[in-house]
Amino acid sequence: EVPTQAHNVIGYLDNEAANTVVITGHYDHLGYGGEGSKYKGPRKIHNGADDNASGTAAVLELAYYLKNNKLQEKNNYLFIAFSAEEKGLLGSQYFVENPCLPLSQINFVVNMDMVGRMEKEMPLTIEGIGSSLIWESSITAVGCEAFPFTLKKREDGPSDHAAFYYAGIPSLHLWTGKHNDYHKPSDDIEKINFEAESQIISFIESFILLMDEKGKVDFHLREK
């Protein structure tokens, strides 16, 4: 097999702050399927509307908001669309091993992987609560009337925040849960809940601005 070159896509918002918040989602998917696909039919494109065009759209929307909200926040922001996540979290692992700023300057990570399929009464799942003792109270303080939360301590779930956690950086992963279209061609745009995703992004905006007042977030290594 010929090696393929993949590219992480990065944007930086410089607020002349000491620390930088990293906002991420992976933009790769499975192409025509192959390894990782749960589809058994004839060759068909896997668009990955939820996994993870939804998270990529959230990264772009948060970048637009933070760039244009007329505030000079107390953090800088690094927006990263990772590639090769589906090949084994390769893009995020590469970035952590070859960062474009000292890892010690990264305040925390917000990773969005599959945030497009919230159904009625469905919670927003936030994993990585164990990576800082401040997370639970902060998320509760922001709250959201549109949906409940399921908070999980699991810090090293199978997405791009895991490499940061292993590097000692507080990291959260937001997602709306698995579904029957996961890794199939049927994970497509007509099944995306745009209104709910918009509400999720609004929650993240509020959460980021709250965390802006809290300085450097302390990392917590949870004993398993």
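Side-chain atoms are counted along with the backbone in the values below, which use heavy atoms only and exclude waters and symmetry mates.
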Test: ring-ring contact (aromatic ring centres under 6.0 Å, His included). Region: residues 110-130. Which pairs qualify, not counting sequence neighbours?
none
Report all side-chain donor-acceptor pairs from residues 196-211 shorter than 3.5 Å, counting only partners two or more places apart or in another chain.
from, atom 1, to, atom 2, distance (Å)
Ser202, OG, Ser198, O, 3.1
Ser206, OG, Ser202, O, 3.2

Do any pairs count as a ring-ring contact (aromatic ring centres under 6.0 Å, His included) and have a residue in residues 175-198, sequence neighbours left out, and if so which ones?
His29-His183, His173-Trp175
Taking all heavy atoms of Ala84 and all of Ala6, pick out the closest pair and write down the distance.
CB-CB, 4.4 Å
Nearest atoms (heavy-atom pairs only) where Ala163 meets Gln93
CB-OE1, 3.7 Å
Could you walk me through whether Lys214 and Ile134 satisfy the side chain to side chain contact (heavy atoms under 4.5 Å, CB included) test, starting with their C-alpha distance in whole Å, then the side-chain angles of each, then the deciding distance to 0.1 Å, before giving a yes or no?
CA-CA 9 Å; Lys214 294 185 183 278; Ile134 201 174; 3.5 Å; yes
Output yes when a side-chain donor or acceptor of Asp28 lies under 3.5 Å from a complementary backbone atom of Glu85, and no otherwise.
yes
Qualifying salt bridge (charged side-chain N to carboxylate O under 4.0 Å, His left out) pairs with a residue from residues 119-141, counting only residues at least two apart or across chains
Glu127-Arg154
Main-chain N/O of Glu16 paired with Asp14 side-chain donor or acceptor, under 3.5 Å:
yes
Minimum heavy-atom distance between Asp181 and Arg117, given as atom pair plus value:
OD2-NH2, 2.8 Å
Would you say Asn111 and Thr24 are linked by a side-chain donor-acceptor pair, where the criterion is simply a distance under 3.5 Å?
yes
After noting the C-alpha distance and the side-chain angles of Asp51 and Asp113, does the key distance pass the side chain to side chain contact (heavy atoms under 4.5 Å, CB included) rule?
CA-CA 6 Å; Asp51 183 15; Asp113 189 355; 3.4 Å; yes
Are Ile23 and Leu13 connected into the same hydrophobic cluster when the rule is that any two of I, L, V, M, F, W, Y join if their side-chain heavy atoms are below 4.5 Å apart?
yes
Side-chain cluster (under 4.5 Å, hydrophobic types only) that Leu78 belongs to, other residues
Ile10, Tyr12, Val22, Ile80, Phe82, Phe95, Val96, Leu101, Leu103, Ile106, Val109, Phe164, Ile169
In Å, rounded to the nearest 0.5 Å, how long is the span from NZ of Lys153 to CD1 of Ile126?
15.0 Å
Verify same cluster id: Met112, Met118 (apolar side-chain graph, 4.5 Å):
yes
In the structure I gave you, are the side-chain heavy atoms of Trp135 and Pro170 within less than 4.5 Å of one another anywhere?
yes
To which residues is Tyr64 joined in a hydrophobic cluster, defined by side-chain heavy-atom contacts under 4.5 Å among Ile, Leu, Val, Met, Phe, Trp and Tyr, whether direct or through other members?
none
If you look at every heavy atom in Glu155 and Ser131, which pair is closest and at what distance?
CG-N, 3.7 Å
Taking the six-membered ring for Trp and the full ring for Phe, Tyr or His, determine whether the centres of Phe219 and Tyr165 are under 6.0 Å apart.
yes
Does CG belonging to Asn180 count more than 12 external heavy atoms closer than 6.0 Å?
no
Of all heavy-atom pairs linking Ile189 and Ala49, the shortest is N-CB, 3.6 Å
Between Ser54 and Asp50, do the side chains contain an N or O donor and an N or O acceptor separated by less than 3.5 Å?
yes
ring-ring contact (aromatic ring centres under 6.0 Å, His included) filter on Tyr27, not counting sequence neighbours, yields none
Does the pair Thr176 and Met122 meet the rule for a side chain to side chain contact (heavy atoms under 4.5 Å, CB included), with working shown?
CA-CA 8 Å; Thr176 50; Met122 183 186 275; 4.3 Å; yes
Side-chain donor or acceptor of Glu86 paired with backbone N/O of Leu30 under 3.5 Å:
no
Pairwise side-chain contact, His46 with Ser37, heavy-atom cut-off 4.5 Å (strictly under):
yes
Just jot down the ring-ring contact (aromatic ring centres under 6.0 Å, His included) partners of His26, sequence neighbours excluded, or say none.
none
Begin from the C-alpha positions of Asp156 and Tyr166 and carry the test side-chain hydrogen bond (donor to acceptor under 3.5 Å, both in side chains) through to its verdict.
CA-CA 8 Å; Asp156 56 353; Tyr166 287 129; 3.0 Å; yes
Between Asn107 (side chain) and Thr20 (backbone), is there a donor-acceptor pair under 3.5 Å?
no
Are Ile129 and Leu174 connected into the same hydrophobic cluster when the rule is that any two of I, L, V, M, F, W, Y join if their side-chain heavy atoms are below 4.5 Å apart?
yes
Phe147: what forms a ring-ring contact (aromatic ring centres under 6.0 Å, His included) with it, not counting sequence neighbours?
Phe149
Once you round to the nearest 0.5 Å, how far does NZ of Lys216 lie from OG of Ser132?
10.0 Å
Nearest atoms (heavy-atom pairs only) where Asp160 meets Ser92:
OD1-OG, 2.7 Å
Linking I/L/V/M/F/W/Y whenever any side-chain heavy atoms sit under 4.5 Å apart, do Val115 and Leu151 land together?
yes
Can you see whether Asn19 engages Asn75 through a side-chain donor-acceptor pair at a distance of less than 3.5 angstrom?
no
Could you state whether Leu62 and Leu60 fall into the same hydrophobic cluster, counting links through intermediate Ile, Leu, Val, Met, Phe, Trp or Tyr residues with side-chain heavy atoms under 4.5 angstrom apart?
no
Could you note down all residue pairs passing salt bridge (charged side-chain N to carboxylate O under 4.0 Å, His left out) where residues 57-83 supplies at least one of them, sequence neighbours left out?
Lys74-Glu213
To which residues is Tyr32 joined in a hydrophobic cluster, defined by side-chain heavy-atom contacts under 4.5 Å among Ile, Leu, Val, Met, Phe, Trp and Tyr, whether direct or through other members?
Ile45
Partner residues of Asn47 under the side-chain hydrogen bond (donor to acceptor under 3.5 Å, both in side chains) criterion, sequence neighbours left out:
Asp188
